[in-house]
Amino acid sequence: MCVWWYKAGMDVSGGNHRHEAPWKRMSKEELDNQYSPSRWVVRLGAEEAMRTYSQIGNEVTKRARATGRSLLNVPYGDGDGEKLDIYLPEAVSEAMPFLVFFHGGYWQSGSKDTSAFMVNPLTAQGVAVVIVAYDIAPKGTLDQMVDQVTQSIMFVQKQYPGNQGIYLCGHSAGAHLAAMMLLADWTKHGVTPNLKGFFLLSGVYDLEPIMHTSENAPLLPALEDAQRNSPLWQLETAPTQPADPACRILVTVGQHDSPEFHRQSREFYQTLCQGGWKASFEELHDMDHFEILWNLTQEDYVLTQPQVICRGWSWAHQWDLHGARQV
């Protein structure tokens, strides 16, 4: 069952019409503006927003590590950058649920060492949190990043085979990497992770527009690279059936994200529904691209509640959030 939430005047109906995509009518300057999230913040200037984002990330990670219940810089592969941090709840058990987080930064910045936003609220509720590092560009290619994310999930499953469920969460570029796991052929890896849900926060799912922005230089040398690494394009052209029909996907976007981020999230949600996935769509009221993460530091925030993380995300069918309506 697919569920979407909407504000008055927000169009979430209809199918995907890639040939009519509005970005194709935009100039390079317009695309740069649409795909620069810091230009759309409403309470801070762009530079101040980035400083605040970095400062909060540093502070919450230091607090999370100060608890002493963390395993830091655990190798999940052979590469120097293939490390992850595991934050454990006070009561450790074989049947813990795991939330695995992939940071954003346009595949070119960001670090696991400043990304423990949701750790303390979730570990306090019995959820183990894993923050994954991957080789950002220009050292890493998108193909390598996707492979590293795949390896990290396999590692968690192998290390904790009795887990209660693995839930993937990514923000911005991290949401893209998490979404690519919907396309993974786990059988060829010899490990089938116990994936129970996806939390996709203000992601980019079609990389072709990125090729025409100033962000592209170290990322996508050819259209084939963009298509191969675009979960929206892949699911539209070669639909992948859900390995577990019960696995839920929550696609979110901030109210104050740019129109292109809204379009990408909406179309990805629609494509998931058409492919038979259990998907929900939520516009987060009065949130910009970065405030979504800042709010994950709060224990009383809706996205850090245990029923959201490890009880099937039934909230999307029960709660009336922020004045949104279910249809």
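Keep in mind that the numbers below use all heavy atoms, side chains included, and drop hydrogens, waters and symmetry copies.
- Counting only N and O atoms by type, the side chains of Glu29 and Asn33 include no donor and acceptor under 3.5 Å apart.
- Shown here are the side-chain hydrogen bond (donor to acceptor under 3.5 Å, both in side chains) partners of His171, two or more places apart in sequence or in another chain: there are none.
- Under the 4.5 Å side-chain contact rule for hydrophobic residues, Trp40 and Val42 do not share a cluster.
- Annotation: side-chain hydrogen bond (donor to acceptor under 3.5 Å, both in side chains) contacts of Glu59 (sequence neighbours excluded): Gln55.
- In this model, no donor atom of one side chain and acceptor atom of the other lie less than 3.5 Å apart for Gln264 and Tyr269.
- Ser70 places no side-chain N or O within 3.5 Å of a backbone atom of Ile86 that could act as its donor or acceptor partner.
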Stepwise side-chain contact (heavy atoms from CB on, under 4.5 Å) check, Leu201 with Cys169: CA-CA 8 Å; Leu201 310 177; Cys169 179; 3.9 Å; yes
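- Side-chain atoms of Thr141 come within 3.5 Å of backbone atoms of Gln144 as a donor-acceptor pair (strictly under, hydrogens ignored).
- Checked against side-chain contact (heavy atoms from CB on, under 4.5 Å), Asp288 has the following partners two or more places apart in sequence or in another chain: Val41, His256, Phe290, Glu291.
- Within the 3.5 Å criterion, the main-chain N or O of Phe261 finds a donor-acceptor partner in the side chain of Ser258.
- Annotation: side chain of Leu168 is in contact with side chain of Met181 (closest heavy-atom distance under 4.5 Å).
- For Glu283 against Gly254, the heavy-atom pair with the smallest separation is CG-C, 4.5 Å.
- Without hydrogens or angle criteria, Gln34 side chain to Trp23 main chain gives no donor-acceptor distance under 3.5 Å.
- Put simply, the side chain of Ser202 reaches to within 4.5 Å of the side chain of Ile292, judged on heavy atoms.
- Asn58 is linked by a side-chain contact (heavy atoms from CB on, under 4.5 Å) to Ser54, Thr114, counting only residues two or more places apart in sequence or in another chain.
- Counting only heavy atoms from C-beta outward, the side chains of Gln234 and Pro231 never approach each other to under 4.5 Å.
- Ring planes of Tyr160 and Phe98: tilted class, angle from 30 to 60°.
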Audit row: Trp186, Leu195, side-chain contact (heavy atoms from CB on, under 4.5 Å) steps and yes/no: CA-CA 11 Å; Trp186 298 107; Leu195 295 178; 4.1 Å; yes
Ignoring hydrogens and angles, write down the donor-acceptor pairs under 3.5 Å from the side chains of residues 73-80, residues two or more places apart or on other chains.
from, atom 1, to, atom 2, distance (Å)
Asn73, OD1, Lys112, NZ, 2.7
Tyr76, OH, Ala133, O, 2.6

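- Taking every heavy atom of both residues into account, Leu250 and Glu282 meet most closely at CD1-CB, 4.3 Å.
- Asp185 and Thr187 share a donor-acceptor pair across their side chains, judged by distance under 3.5 Å alone.
- Distance CG/Leu142 to CD1/Ile210: 10.0 Å, rounded to 0.5 Å.
- The two residues Leu200 and Ala178 make their nearest non-hydrogen contact at CD2-CB, 3.8 Å.
- Looking at Gln148, its side chain never comes within 3.5 Å of a backbone N or O of Val146 through a donor-acceptor pair.
- Annotation: side-chain contact (heavy atoms from CB on, under 4.5 Å) contacts of Ala222 (sequence neighbours excluded): Glu224, Asp225.
- Side-chain contact annotation: Asn163 with Gln157, donor-acceptor N/O pair under 3.5 Å present.
- Residues His289 and Asp257 have side chains that bring a donor and an acceptor to within less than 3.5 angstrom of each other.
- Every salt bridge (charged side-chain N to carboxylate O under 4.0 Å, His left out) that Lys139 has, sequence neighbours left out, goes to Asp135.
- Annotation: ring-ring contact (aromatic ring centres under 6.0 Å, His included) contacts of Tyr134 (sequence neighbours excluded): His103.
- Residues Glu82 and Val132 are not in side-chain contact: their nearest non-hydrogen atoms beyond the backbone lie 4.5 Å or more apart.
- Judged as a salt bridge (charged side-chain N to carboxylate O under 4.0 Å, His left out), and not counting sequence neighbours, the contacts of Glu260 are Arg263.
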Working for side chain to side chain donor-acceptor pair (under 3.5 Å), residues His176 and Trp107: CA-CA 10 Å; His176 158 266; Trp107 308 275; 3.1 Å; yes
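- Of all heavy-atom pairs between Gln255 and Asp286, the closest is OE1-N, 2.5 Å.
- Between the CG atom of Asp143 and the CZ atom of Arg228 there is a distance of 4.0 Å, given to the nearest 0.5 Å.
- Listed by chain and number, the residues in a side-chain contact (heavy atoms from CB on, under 4.5 Å) with Pro138 are Pro218 (sequence neighbours excluded).
- Taken to the nearest 0.5 Å, the CD atom of Gln274 stands 7.5 Å off from the CD atom of Glu236.
- In this structure, Leu223 is a member of the same hydrophobic cluster as Leu31, with clusters built from ILVMFWY side-chain heavy atoms closer than 4.5 Å.
- Using a 4.5 Å heavy-atom threshold, the side chains of Val251 and Tyr205 count as touching.
- Between the CG atom of Leu219 and the CE atom of Met145 there is a distance of 6.0 Å, given to the nearest 0.5 Å.
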side-chain contact (heavy atoms from CB on, under 4.5 Å) between Ser265 and Phe281, worked out: CA-CA 8 Å; Ser265 294; Phe281 178 89; 3.8 Å; yes
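- The salt bridge (charged side-chain N to carboxylate O under 4.0 Å, His left out) test applied to Lys28 returns Asp32, not counting sequence neighbours.
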Stepwise side-chain contact (heavy atoms from CB on, under 4.5 Å) check, Tyr87 with Ile131: CA-CA 8 Å; Tyr87 297 89; Ile131 313 292; 3.8 Å; yes
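- With sequence neighbours excluded, the residues satisfying salt bridge (charged side-chain N to carboxylate O under 4.0 Å, His left out) with Asp113 are Arg65.
- In terms of heavy-atom proximity, Ala64 sits nearest to Val119 at CB-CG1, 3.6 Å.
- When side chains are defined from C-beta on, Met180 does not count as touching Val149, because their heavy atoms never get closer than 4.5 Å.
- Ile153 has its side chain within reach of Phe102: a pair of non-hydrogen atoms, C-beta onward, lies under 4.5 Å apart.
- Shortest non-hydrogen contact noted between Cys247 and Gly197 is SG-N, 3.7 Å.
- Rounded to the nearest 0.5 Å, atoms CD1 (Ile249) and CG (Leu272) are 4.5 Å apart.
- The OG atom of Ser152 lies 12.5 Å from the CZ atom of Phe101; values are rounded to the nearest 0.5 Å.
- Residues Ile166 and Lys196 fail the side-chain proximity criterion, which asks for heavy atoms closer than 4.5 Å.
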